[in-house]
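What follows is a single structure, written as structure tokens, with notes after it.
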Amino acid sequence: MKDKTFAQNLLAWYRKNARDLPWRRTSDPYKIWISEIMLQQTTVNAVIPYYERWIKAFARIQDVAEADLQTILTYWQGLGYYQRAKNIHKSAQAICQHYHGKIPDDPLILKKLPGFGPYTIGAVLSIAFSKRVPIIDANVRRFVMRLLAIQGHADPSQDEKILDFIEDVMPVKAMNFFNQALMEMGALVCRSNEPVCILCPVKSNCLAYQKGIQELIPTAKVKDIKDIQAVIAVLQKGNQFYIQKRPSKGLLADLWEFPGGKIERGETSQQALARELKEELNTKLVSSSQIMNVQHFYTEFRVKLNVFSCQVKESLHNDPTHQWVTLEELKKYPMPSGSAKIVEKLKQLHARSSREQAEQLLLEA
Ligand code: SF4
């Protein structure tokens, strides 16, 4: 489709309808880079508070480079995909060391930095430097599949045709707005459920709309979500709780959590608790009582955490990967979302019990 009006119509629509988002009020490549990494796999509304908190703590790329990894992970806590935060940290250090703290606008240099894949390179180059580089995210993929009436699943196997299309229609200037306009169209108008074709500025270009098959594109995927049951041991000494650091490699690396793990086939939760405490802390479970359940959803599975308050035989000590900490101190320890939910519930239980004690004292006075 060699049609200049496509880009013109899209850009005109974007100027009128683009959402006012914090990362759209800046041309600083560092801030645009951070927003783009945060937005991968997370919705705009969920990202806003994380982005604002991050920029307040790390206003410049130098602030990221100078921070320690634990602080970086704490500011990332809740966004998931912690490898991304580690890559930001490493790339910020490399950019400060080799490029005077300025993000290079050369794709060949960016490609060598941790976490800079084709999407991130395209987003940073086009949005921060207005370079003519097309990008494809889930919104763009769905939008263009409908424009071209490409049937099938929305996955990277469609991207060659999508790239050809974008390269055909992209403008000579205003590439920063053009790529954002494609993404914004997918988010606001050409939505995954119920595209609002009546408001679409390019419906005259849309083959799916002309054929009346827009709601059938892309083909819906049936998700096979697995359920995982796990046990968690909350060990308490006075007002302190025992947490441990995960290994530096593998799933949720370097994050802190309560002891515990998956219930194996044929095990009761008590057996799983006793086994996990033995394996992880080499200690014997003396007694336990369930205090809460927490559910957490990952892309491919759902985890139900059965949380127990436990007493164990041996006394447990602090070392670099095991710590007794108060609820207040826990905010300095980055945790996976499931453990963070447990902390929130413990805080609620703690606040309720303090309130009840205060009421009791008042009654007795
Ligand atoms: Fe999407 Fe409808 Fe516009 Fe086609 S006409 S691009 S289906 S919103």
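Note: Trp23 and Tyr51 meet the aromatic proximity criterion, with ring centroids under 6.0 Å apart. The distance between the ring centers of Tyr242 and Phe258 does not fall below 6.0 angstrom.
Within a 6.0 Å sphere centred on CD1 of Ile225, other residues, nucleotides and ligands contribute more than 12 heavy atoms. Heavy atoms of other residues, nucleotides or ligands lying less than 6.0 angstrom from NZ of Lys347 number more than 12. Atom CZ of Phe129 is surrounded by more than 12 heavy atoms from other residues, nucleotides or ligands within 6.0 Å. Within 6.0 Å of CD on Glu328 lie no more than 12 heavy atoms contributed by other residues, nucleotides or ligands.
Judged by distance alone, the side chains of Ser126 and Asn179 do bring a donor and an acceptor atom under 3.5 Å apart. Donor-acceptor pairing under 3.5 Å is lacking for the side chains of Glu257 and Ser339. A side-chain donor-acceptor contact under 3.5 Å links Thr321 and Asp319. A donor-acceptor pair shorter than 3.5 Å can be found between the side chains of Tyr119 and Glu36. If you check the side chains of Gln270 and Ser288, you find a donor sitting under 3.5 Å from an acceptor. Using modelled atom types and a 3.5 Å distance limit, the side chains of Asn282 and Glu279 yield no donor-acceptor pair. No hydrogens or angles considered: nothing links the side chains of Lys221 and His153 as a donor-acceptor pair under 3.5 Å. Side-chain contact, Gln40 with Thr120: a donor N or O sits under 3.5 Å from an acceptor N or O.
Counting heavy atoms from C-beta on, the side chains of Leu11 and Asn9 never come closer than 4.5 Å. Side-chain contact between Lys284 and Val312: absent, with no pair of heavy atoms (C-beta onward) separated by less than 4.5 Å.
Ion pairing between a basic and an acidic side chain is recognised when a charged N comes within 4.0 Å of a carboxylate O; Asp155 and Arg141 show no such pairing. Classification of Asp105 and Lys131 as a salt-bridged pair holds, one side-chain N sitting under 4.0 Å from a carboxylate O. One finds no salt bridge joining Glu344 and Lys341 here, because no Lys/Arg side-chain nitrogen approaches an Asp/Glu carboxylate oxygen to under 4.0 Å. Between Glu267 and Arg275 a salt bridge is recorded (basic side-chain N to carboxylate O distance below 4.0 Å). Electrostatic pairing of Asp63 and Arg60 counts as a salt bridge here, judged by a charged N lying under 4.0 Å from a carboxylate O.
Considering Ile34, Ile32, Thr26 as possible partners of Tyr30, the one that fulfils the side chain to side chain contact (heavy atoms under 4.5 Å, CB included) test is Ile34.
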### Message
Could you go through Ser248 and Asp254, starting from their C-alpha distance and side-chain angles, then the distance that decides it, and tell me whether this counts as side chain to side chain donor-acceptor pair (under 3.5 Å)?
### Response
CA-CA 5 Å; Ser248 296; Asp254 287 321; 3.0 Å; yes

### Task
For side chain to side chain donor-acceptor pair (under 3.5 Å), just list the numbers for Thr326 and Gln240, CA-CA rounded to whole Å, side-chain angles, deciding distance to a tenth of an Å, and then say yes or no.
CA-CA 4 Å; Thr326 62; Gln240 293 181 309; over 6 Å; no

### Task
Assess whether side chain to side chain donor-acceptor pair (under 3.5 Å) is satisfied between Asn239 and Gln236, documenting all intermediate values.
CA-CA 7 Å; Asn239 64 349; Gln236 191 170 356; over 6 Å; no

### Task
Kindly determine whether Phe6 and Phe165 satisfy ring pair (Phe, Tyr, Trp, His ring centres under 6.0 Å), including the steps that lead there.
CA-CA 11 Å; Phe6 179 87; Phe165 171 80; 5.4 Å; yes

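Every residue two or more places apart in sequence or in another chain that forms a salt bridge (Lys or Arg N to Asp or Glu O under 4.0 Å) with Asp20 is listed here: Arg25.
The list of salt bridge (charged side-chain N to carboxylate O under 4.0 Å, His left out) pairs with a residue in residues 174-187, not counting sequence neighbours, reads Arg19-Glu184, Arg24-Glu184.
Scanning both residues, Cys96 and Ala65, for their nearest heavy atoms gives SG-CB, 3.8 Å.
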